[in-house]
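For reference, the structure is listed below as C-alpha cells.
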Amino acid sequence: MLLWCPPHHVPLIAGWWRQAAPRLDVLREPFIHHADNSGNWITTFESFVDLLTDWGEVVLEAERRG
C-alpha cells in the first residue's frame, strides 16, 4: 500500500515524529503483546523501531527540503 499526504502536511507529521521518537520504547510491551511472533514481516521490536526511524528520517528530510 502506498500512502501519501499533501506537502503542506509534512511539517505537522515531522512534528509528530519529533514528539514520538524519544518515546518509542513505551511501545515495546504493546508490540510484544500484539505483534511479536505473529508471523508478520516485522518480527522484532528492534525491526519495528528501525522501520519507524527510517520513515521519521524521510519525513524530516522532506521537511528540510520544503
Legend entry - Closest heavy-atom pair and its distance - Pro7, Pro11: O-CD, 3.8 Å

Inset, instruction - Check the pair Trp16 / Val59 against side chain to side chain contact (heavy atoms under 4.5 Å, CB included), numbers first and verdict last. - result: CA-CA 10 Å; Trp16 291 338; Val59 169; over 6 Å; no

Inset, instruction - Treating Ile, Leu, Val, Met, Phe, Trp and Tyr as nodes and any side-chain heavy-atom pair under 4.5 angstrom as an edge, say whether Leu52 and Leu12 lie in one connected cluster. - result: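 In one cluster with Leu52: Leu12, no.
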
Legend entry - Co-membership, hydrophobic cluster, residues Val58 and Ile42, 4.5 Å side-chain: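 They do share one cluster, since a chain of ILVMFWY contacts under 4.5 Å joins Val58 to Ile42.
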
For residues 21-29, run the donor-acceptor check on the side chains, cut-off 3.5 Å, and write out each pair with its distance to 0.1 Å, sequence neighbours left out.
residue, atom, partner, partner atom, Å
Arg23, NH1, Gln19, O, 3.2
Asp25, OD1, Arg28, NE, 3.1
Asp25, OD1, Arg28, NH2, 3.3
Arg28, NH1, Glu46, OE2, 3.2

Legend entry - Rounded distance (nearest 0.5 Å) linking atom CZ of Phe48 with atom OG1 of Thr53: 9.5 Å

Legend entry - Partners meeting side-chain hydrogen bond (donor to acceptor under 3.5 Å, both in side chains) with Ser47 (sequence neighbours left out):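 side-chain hydrogen bond (donor to acceptor under 3.5 Å, both in side chains) check on Ser47 returns Thr44.
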
Inset, instruction - State, yes or no, whether a side-chain contact exists between Phe31 and Val49 at a heavy-atom distance under 4.5 Å. - result: no

Legend entry - Residue pairs passing the side-chain hydrogen bond (donor to acceptor under 3.5 Å, both in side chains) test where at least one lies in residues 56-66, sequence neighbours excluded: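 Matches after skipping sequence neighbours: Arg18-Glu63, Glu61-Arg64, Glu61-Arg65.
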
